[in-house]
**Q** 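Take a look at this one; I'll ask things after.
Start at 1 and go down the list; that is how both ligands and their atoms are numbered. Note: hydrogens, waters and symmetry copies are ignored here, and every other heavy atom, side chains too, is used.
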Amino acid sequence: MRFYSLFLSLFVAGSVWSQSLVAVDFTDLKATVFPNFETKEVSGHCQFTFIVNAPTDTLRIDAKNMRFSLMMLNGKAVEYNANARQLLLYTGFKKGKNRLSFSYTARPKQALYFVGTADDYQIWTQGQGKYTSHWLPSFDDVNEKLTFSLSVTTLEDEVANSNRLIAISNGELVKKESFRAIQEGKVYTTWSYQMKKPMASYLVMLAVGNFDQKIASSASGIPLESYLQPKDADKWTTTYWHNERIFNFLEKEIGVKYPWRIYRQIPVRDFLYAGMENTTSTLFAQDYVVDSVAVNDKNYCNVNAHELAHQWFGDLITAQSGKHHWLQEGFATYYALLAEKELFGEDYFYYQLYRNANLIKAAAKNDTVPILHEKASSLSYYQKGAWALHYLRDQVGKKVFDKIVKTYLKKYALKNVVTADFLAVVQRYSDFDTEAFQQRWLESAKYPEADINQCLAKSAMVQALVQLQKERSLPLESKLSRYTTLLQSEAFWPLKAEVLFQLKGQPLAQTEALYRLALERGNLEVLTAVSELLTDIPESLKTSYETLLHAPSYVVRGNALVHLLKRFPHDRMRFFEIAKDWRGANDLGLRIDYLGAYLVLMPETNPDYASLKAELIDFTSPKYESVTRIPALQQAVSLFPQENEVLKNLVNATQHPKWQLVKYARDTIRKLIKQETFRERFTALIPELPTDAQSELQRLLK
Ligand SMILES: [Zn+2]
């Protein structure tokens, strides 16, 4: 998977061997599951096939807090035991092939999420870092691979909105059947998917929602399905920017045919991470659904390539344990970077390597955990892992590296691997010193400075940037003419951003011409840098700076609006007029910035005031994603704490799947109830809240 940004959280993997994989081998699961939005429960029926190879006394299937019925083993009813974590069977199985079937229900606390409201919801799963066994009886141990074929049932109100929802799982869609429950006026539809090859349980997925679908084909003939909500109909080309090119490039670059029969990508609301590489069916965050302006601020290309690379590195071959997690994340991160090099060029590629090197260097000051460890940071597994591969490729050359990767993938296809397996293949095709590499890169937490510098020396752009950064303490006069030339040149944008950084705090007499040059001639990245760095706008640059309000970037427009309002409050009516129809990206950030500023700076008597206030408060409700609700709640709690609606939405936010929103809501409630008036008001609201929110609030009030 990929996190939004670094340091967000640690991936801690640890697996408990549930049973000897040698004695019992589960080979297949056919399951029908019905996730019910109304009850937040999952019910289903499972049919497992397993082989008993050696005498064993207990059969274990991971199943968290599930209730079972109709337990049948090889066609006969069988006794079983179930605790909070597992389903256990002691009798009835024989040497060789066995079949076990049963029905179950669960109310998953994690791994399966219901988001949105009853008339506009999505249901989706996240198996890595959580356990699929919260919603589907399966195996927490990544070494138990089996073929999963899921049928997912959706339920819709026939009259209100017929056949709007679709259900997605791993593999090919082989059947779709609808069943009308006449009395209820409801339609049940079952979507049956089929996988042909085995995989680990954490890669099983389902998603239910209202989606449109487009199908393309890769150069090799693999169907490529993309999904979007109908409301995002204008965002296909910008969201799936370079989609086919990325697929074709990676399949060729990796050198092994895409291992599955289909590939699809589905954006879901409030997703926990940037993306997740469920086999054949990647889920990614709705934040990457972008229009023609938002795509300039943030695009899906890197996450697209990262999750696709995992279809080989992670899904086809899977690390045996968390200690070898870099074999998945390091490879996915590196191949995504290679795909971006193909799309955006060599300077972009080296700039990313350079930035990551700086992050790794800074982290090495405190981080004592090396890559090859189950508690390594995500920076180590992902970016340092990718760097280790870049160093290896740099040393052995692309041709040999490609041969190594191809052999490694073919040899361990559908199996589990450790780092030594990969290094053994490296040794077979090169005289590269894998032992020294393992010590320096994988087993040491030290920053491998010499190796990294040697690689970065190959980029003239990085060398120029390092040189420029060394000049930070030099007086500006001595650099003025060179910097002017640089800003006028075609140099890669980080060099120009560095120049702008060095203007901060310098006298206007010297900086004005350079800022003007950047504002008038800069590309979007340069304008972004100006909008972030030039906060105290001089009068002489005002007109030029105001052009940023029309830049093809929501980030630039937002920065410009905030800084202009602060610096020139008398012109606020004019600025508000320009910004009045802005919505911004998926997070609606620009709109919330606008509402916040307007409601602070304008009097309550203004004709628009009441409707804009209502709009801000509406953004705090469960109709919206957490990325909208957090900033909206921040504004609303500070501006309108007297509104009960705001307090109610704050309490409801504590029940959300995303920890960022939950943490914000809990912290804010704790702060507010220190005042007796808020404590009383929250207490009075309890009867109006949903049950789960009630108990959370009662807990906080204690
Ligand atoms: Zn990943």
Side-chain angles (χ1 to χ4, degrees), residues 1-13 15 111 124-132 142 170 199-205 246-247 249-250 253-254 258-260 263-268 271-285 287-288 298-340 352-353 356 359-360 371-390 405 408-409 416-417 419 422:
M1 66 187 155
R2 231 208 66 179
F3 293 101
Y4 268 106
S5 54
L6 304 171
F7 312 118
L8 214 61
S9 111
L10 290 174
F11 176 77
V12 183
S15 75
W124 46 260
T125 59
Q126 167 61 31
Q128 191 174 39
K130 318 279 168 195
Y131 287 118
T132 297
V142 299
N170 311 82
M199 64 184 186
S201 298
Y202 78 92
L203 296 165
V204 178
M205 66 82 73
I246 291 169
F247 191 99
F249 169 79
L250 275 185
E253 184 73 14
I254 291 168
Y258 174 75
W260 320 98
Y263 188 58
R264 57 173 73 86
Q265 296 164 91
I266 310 105
V268 291
F271 197 53
L272 303 182
Y273 307 106
M276 176 63 208
E277 68 273 21
N278 310 297
T279 311
T280 74
S281 303
T282 285
L283 290 180
F284 67 98
D287 287 321
Y288 291 99
K298 178 186 195 130
N299 67 64
Y300 174 55
C301 294
N302 181 275
V303 178
N304 183 334
H306 180 108
E307 308 310 338
L308 176 59
H310 271 312
Q311 299 294 322
W312 287 267
F313 306 102
D315 298 4
L316 179 64
I317 53 171
T318 310
Q320 271 182 25
S321 69
K323 184 179 176 185
H324 304 281
H325 195 47
W326 83 284
L327 290 176
Q328 299 179 183
E329 297 306 343
F331 275 83
T333 304
Y334 189 53
Y335 274 95
L337 210 50
L338 290 175
E340 284 193 302
Q352 299 303 319
L353 282 175
N356 291 342
L359 292 173
I360 297 163
I371 291 180
L372 214 50
H373 195 287
E374 44 285 309
K375 295 225 161 94
S377 68
S378 57
L379 180 70
S380 293
Y381 288 138
Y382 290 63
Q383 282 75 19
K384 198 177 176 189
W387 245 113
L389 291 171
H390 180 68
V405 169
Y408 166 66
L409 283 170
N416 294 76
V417 282
T419 301
F422 174 64

**Q** Just say parallel, tilted or perpendicular for the rings of Phe331 and Tyr335, cut-offs at 30° and 60°.
**A** parallel
**Q** Determine whether the aromatic ring centres of residues Phe313 and Phe422 are separated by less than 6.0 angstrom.
**A** no
**Q** Shortest non-hydrogen contact from Met205 to Ile266?
**A** CE-CD1, 4.3 Å
**Q** Tell me the closest heavy-atom pair linking Glu253 and Leu338, and the distance in Å.
**A** OE2-CD1, 4.0 Å
**Q** Mind reading off the angle at the Zn ion (ligand 1) between the NE2 atom of His306 and the NE2 atom of His310, rounded to 10°?
**A** 100°
**Q** Output yes if Glu307 passes the N/O/S-under-2.8 Å test against the Zn ion (ligand 1); output no otherwise.
**A** no
**Q** Looking only at N, O or S atoms, find the one in Glu329 nearest to the Zn ion (ligand 1) and name it.
**A** OE1
